[in-house]
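A short worksheet on the structure shown next.
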Amino acid sequence: MSDPDPTPTEPTPAPDPEAYELTINGRTRAVPSAWLGESLLYVLRERLGLPGAKNACEQGECGSCSLYLDGLLVNSCCVLAADATDARIDTVEGLADGDQLTDVQQAFLDAGAVQCGFCIPGLITTVHDLLDRTPTPSQLEVREAISGNLCRCTGYGRILQAVEDVRAQREAAR
Amino acid sequence: MPIDRPTDLDAALASLSDVPSAHLLAGGTDAMVEITFDQRRPEHIVALRRIPELRGYRVDDDELTFGAMLTYTQVERELASTAPGLAMAARTVGSPQIRNTGTIGGNLGTASPAGDTLPWLLALDARVELRSVRGSRELSLADFVTGPKRTAREPDELITAVRVPRVEGPQHVAKLGPRNAMVISVAMAAVIVDTTNRRVRAAFGSVGPRPIRASDAEQQVSDAIDWDALTCPDDAIVHFADACAEASQPISDHRSTADYRRHAVAVLAARSLRRCLAA
Amino acid sequence: MSSASTTTRDRVRDGLGQDADRPDGTPKVTGGFAFSSDLHARGMLWGRTLRSPHPSARIVSIDTSAAEAMAGVTTVVTAADVPGKATYGLEHADQPVFASEVVRYQGEPIAAVAAEHPELAVRALEAIEVEYEVLDPVTDPEHAMAAAAPIHPDGNVVRHLPLRHGDVEATGEVVVEGTYEVGMQDQAFMGPESGLAIPADDGGVELYMSTQWLHVDRDQVAACLALPPDQVRMTLAGVGGAFGAREDVSLQVHVCLLALRTGRPVKMLYSREESFFGHVHRHPARMWFRHHADRDGQLVKVEARLVLDGGAYASTSSAVIANAVCFAGGPYRVPNAQIHGYAVRTNNPPCGAMRGFGVVQACYGHESQMDKLADALGMDPVELRLKNALKPGDTLLTGQVITGTAPVREVIEAAVAHPLPPEPSDDDPALALPGGAGLTAERGDVRRGVGFGVSIKNLMFSEGFDDYSTAGVLLELDGHGQAIATVHCASAEVGQGFVTLAQQITRERLGVDQVMLRPADTAIGSAGSSSASRQTWMSGGAVELACDAVREALFERAVARRDLALDDADHPLFDLRDGHVVEAGGSASIPLVDLLAEGPIERIEVHRHAPTDPLDEDGQGNAHVSFAFAAHRAVVDVDPDLGLIRVVQIATGQDVGRALNPRAVVGQIEGGIAQGVGLAVMEEIVIEDGKVRNPSFTDYLIPTALDMPEVLATVIEQPEPGAPFGAKGVGEPPTISSTPAVAAAVRAATGLALPRVPIHPEDIALTPARDG
């Protein structure tokens, strides 16, 4: 098995758009020949070898594909890739600094928030967004902020614990 | 070139004039689902993300103007005191992720019977501004939405803004669904006790092919309210609720039943009015 | 780090009983973990499945020529292209790989295509012309049982299981009766079905797949492809949750067939919509119960008639109905019983395994009955349950005596010992009320209720099934001369944490820090299914056996080193501690690394649980291995006028035997409760005339973070005799009795009978309240 070929030669369904470039995690990536209808989620996963955003529903109902578009938390399944050409795209793959996990990632592990893990990249991006905007959220605010991220394994209990742990750590560090 | 990414309104209108069959892409929260699930195969897309004229909102003395590309998150965060009912509605749309991209113009353009901002806009006699290279026109929301997911927009027209009069007085928007977040409404109510014009305004979503205005109910209860004290006899509130239910045209589907929806309209109408009067 | 970071002589770092970290944790939080949907191969094609839009039809003709002629479409396959067995199935091979003459449910596969792009594959499906003669679907199981013409040649009653226990004529002074229904629930795992098949040089195929049971998949795929099993080599790809839905074959045969036909790698990935048609669901149930008790509340007899709608194909219906029947009495002493269970074939979507497996449905019925009985007796519902609670040595409805632990009293007492949530207050934020962000209610519109549920669940496979697991452990020196253990087991990691446990067991038994895991694959023997709360016991036991065999080999080397005679029975004179083989009394020790310098040690062991018997014609027999118990107390807020529910708190006591990873146990409990809450208040696949009306996450609703209550959990640790490390499986019990507890709480808040779950808003808002 391999990463996707960056210059696929396969025929794509009509109509073809012009080739375009995307700026992902600070790097410019070429998308040479994609079908117009491809979502950002699809292009990241299947053309650019960035499968961190997950495809659980592809209709904006689960949050598994969450990433940042010009700093805004969005579902990448609802973004047309060809319309994201001049946007800053930041994915879960860009969060950790090499082997150094973010505090949110580490807290998810320590709190036992990870089971199957399919929803976790989306939740990690969502929780970073929340805590950057609202450093000391109430538990109800946390629940509302992650209400667009479905998890089927955990019942959210350990996830809420992880968020609380990060909140407390950041507060203690201030 | 099957995708246009205009950076100003004139360029967008020109694109649309060249290819009237083009698919308009605003926040993408409806359009992308249709494309991904092969309900729509656009040959040409005009993307609206980069057009400054469509962004933002304007607060005038007598009128509020919302740009078509105003997102739900902006409404929720920036208009909570100026347009409280719209902010309440915006907060119920999808998830935070959806609210960051979904737009008022998109809600209008999709014209779903369950569109979350539509009841409030309808209750305020909103006017939809449409522009094309041919010129611009304004339609009342009631005329703009012609049926479920159908509008009076001509193929070369763009929704540029929606306007409502500024009114004083309490307002409440309630959205009913079987989950506490991220749910399509089973019934939705917008009630505005408009003290500027001394009339109650009430409209409902998901209980008919289009958002429904309960005009008779509004009239009756407006007559019953003591506008100086902002009180209303209880039986008038009950009558109002029943009249709202009477005005609704719900159907049974996989989300709920017509009977329940009609019942819910009455409950939401009464509660929303009571909350307004108690505020 | 919350886990212990120090090593002591008595406690192995991240050994058993500790909150060991997941070995797959870091890649799962960075986005680097490879789920099956993330796989990619050079030259890969995309497969898609054509499915029937009709629940019942005769196929008149299929014309694939237009699809085959499309640019970028590599192949189209139908039933005619299946080289081997035309059907598959877990218990009965009754399900066609592709329907050829008859369609028996909406969504049944008709054909599959492979194309260069997923969108091209979709367009190819649209170009396949299928002419159907549409038939009226049989959708009511009662009608199906009586139908003259069966839906399937095997007949419409998949299994009728009668159970007669004690004196079936016995009667009680107090009798309560009720009919209950459970809707069709979906497992709704987050990672849709997906797999990558790569044709191999030997004519076989490599399949990377998210599944629950590699070997049973392999055998079914091999039979349908007419290949020897060793030419179908399966490797577990990252699994995005399972909950029973991956026990049956979905795309496995299709994707392998496409890869073999095209000679190229093929990936299949279901959309969420297709996923709703691509896997089995939880059986909907209609259940009648009559409970007899004496005036003191002692249960005298349970009568029941349980009908489960299995949909079009058998799947695991036979075992599901057995569970429903065997545990229809609940975790109580019931001296007499007469029960009839039916698993019935209809033209509805096929149903099979889901967490709780037949006991969920029965538990909703018997717990509703226990509340009704308490009401009739004027007795506290908790007291009634305690009075009848099973204990070790008691006899089940099947005549089986409980020889293991049965802390039913303890789980009930633990659940009710938790503090209740604060009383409702006008200061409660609106977001916390029923309706949430919709702002539909104020505190004055809301009533609170409390309810209970208690459950019994069998662990592992029952009724004489040869249930086993295989594990290999290799102990050797790494490149730095340090001891490293490698575990090989085909147990499917579906999120539950078996990979963590395998490391914990190996660290504990071999005393080494470094434990690697080989990918789960079919290069080793079967580990059985990751279902039935069985992998901790079965594969945990297999890893333990393999570790112990490696220890034995080490001790033999130590004996040879020390020039000692072998002790007769085993080697009680040795122990493994701190990286040394130590002689009893501590007189001498040999470093492990010295012994491993002689070469690696590898052992493969098979672990079986104690054998079980089939049920006889009266449903009697020692059919089960072990039992786990749980109790739930639910607190709900209900808005009766709108029928909206907010679950405020769930308190639980759960019998776990021994918590081998307490943090992971809590995760299982909270996650299981979420699925139980979902079934109680929102989750249902809506079927109309055999057609699914809500195959999406827009309309099939699962709980969000704003729907899940606070969970207060107490685990009851009474080591189970015969269980590896005394541990019981923990995955299923939380799902089972949380549903009736929530339903009971809603009844308490509303005074309504509510004989069906999920409880829909209209069930509350449009039902007149009972008098008094």
Side-chain angles (χ1 to χ4, degrees), chain A residues 1-5 10-13 35 37 42 45-46 49-59 61-62 64 91-93 95-96 101 105-106 108-121 124 140 142-144 146-160, chain C residues 1-2 19 21-22 24-26 28-35 37-42 71-72 116-117 119-120 123 188-192 196 208 239-241 243 269 271-272 429 431-432 437 494-497 663-664 666-667 670-675 696-698 702 704-706 708 711:
Chain A
M1 279 168 291
S2 61
D3 276 345
D5 188 338
E10 85 266 25
T12 53
W35 175 55
Y42 179 88
R45 292 176 51 76
E46 303 296 345
L50 290 166
K54 296 294 170 220
N55 49 346
C57 80
E58 295 182 86
Q59 58 182 134
E61 296 282 358
C62 77
S64 301
T91 72
V92 67
E93 286 97 341
L95 285 173
L101 299 181
Q105 289 169 324
Q106 188 61 50
F108 267 59
L109 296 180
D110 294 345
V114 178
Q115 290 188 33
C116 93
F118 205 85
C119 67
I120 293 297
I124 297 273
L140 208 51
V142 178
R143 287 181 185 269
E144 187 180 21
I146 67 169
S147 65
N149 293 79
L150 296 178
C151 171
R152 192 55 160 169
C153 294
T154 67
Y156 309 101
R158 302 302 89 205
I159 293 165
L160 294 166
Chain C
M1 302 288 287
S2 66
D19 292 336
D21 288 330
R22 300 183 66 99
D24 56 6
T26 297
K28 282 181 173 176
V29 297
T30 58
F33 182 80
F35 290 91
S37 49
D38 300 334
L39 302 181
H40 208 280
R42 201 161 287 270
E116 302 280 356
H117 187 280
E119 172 68 14
L120 288 172
R123 295 183 189 186
F189 48 54
M190 295 308 292
L196 175 65
Y208 298 83
V239 184
F243 317 115
L269 163 61
S271 68
R272 177 56 53 184
L431 199 57
V494 298
Q496 81 277 41
R663 187 175 58 184
V666 170
E670 290 173 338
I673 286 171
Q675 294 180 7
S696 72
F697 275 172
T698 305
I702 65 174
T704 71
L706 276 171
M708 260 307 281
V711 172

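Per chain, numbering begins at 1; letters A, B, ... match sequence-line order.
Using a 4.5 Å cut-off between heavy atoms, A:T154 touches chain C through its backbone atoms (N, CA, C, O) alone. For a residue to count as touching a neighbouring chain, one of its non-hydrogen atoms must lie under 4.5 Å from one of that chain's; by this rule C:V239 touches chain A with the backbone only. Residue contact with chain C, scored on non-hydrogen atoms closer than 4.5 Å, involves the side chain of A:L101 exclusively.
Atom NE2 in C:H117 sits 4.0 Å away from atom OH in A:Y42 (nearest 0.5 Å). Between A:I124 atom CD1 and C:K28 atom NZ the span is 12.5 Å, to the nearest 0.5 Å. From A:C57, atom SG reaches atom CE of C:M190 across 7.0 Å, with rounding to the nearest 0.5 Å. To the nearest 0.5 angstrom, A:L50 atom CG is 11.0 Å from C:D38 atom CG.
No side-chain donor-acceptor contact under 3.5 Å links A:E61 and C:S696.
The aromatic rings of C:F35 and A:F118 sit perpendicular, their planes meeting at an angle over 60°, well past the 30° parallel limit.
The closest donor-acceptor contact from the side chain of C:E670 to the backbone of A:G155 lies at 3.5 Å or more, if one exists at all. In this structure, the side chain of A:R158 does not engage the main chain of C:V666 through any donor-acceptor pair within 3.5 Å.
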Could you go step by step and tell me if C:L706 and A:L140 meet the side-chain contact (heavy atoms from CB on, under 4.5 Å) rule? CA-CA 8 Å; C:L706 276 171; A:L140 208 51; 4.1 Å; yes
Residue pair C:Q675, A:R152: steps toward the side-chain contact (heavy atoms from CB on, under 4.5 Å) verdict: CA-CA 8 Å; C:Q675 294 180 7; A:R152 192 55 160 169; 3.7 Å; yes
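With sequence neighbours excluded, the residues satisfying ring pair (Phe, Tyr, Trp, His ring centres under 6.0 Å) with C:F189 are C:H279. Scanning for side-chain contact (heavy atoms from CB on, under 4.5 Å) contacts around C:A705 gives A:R143, A:I146, A:Y156, with sequence neighbours left out.
Counting only heavy atoms from C-beta outward, the side chains of A:E58 and C:R272 never approach each other to under 4.5 Å.
If you tally non-hydrogen atom pairs under 4.5 Å between each of C:I673, C:L269, C:I702 and chain A, the highest count goes to C:I702. Ranked by non-hydrogen atom pairs under 4.5 Å with chain A, the options C:S271, C:P429, C:G667 are led by C:G667. When C:G671, C:G31, C:A432 are compared by the number of non-hydrogen pairs under 4.5 Å with chain A, C:G671 comes out ahead.
Residue C:T704 forms a side-chain contact (heavy atoms from CB on, under 4.5 Å) with just one option from A:S147, A:C151, A:C62, and that option is A:S147.
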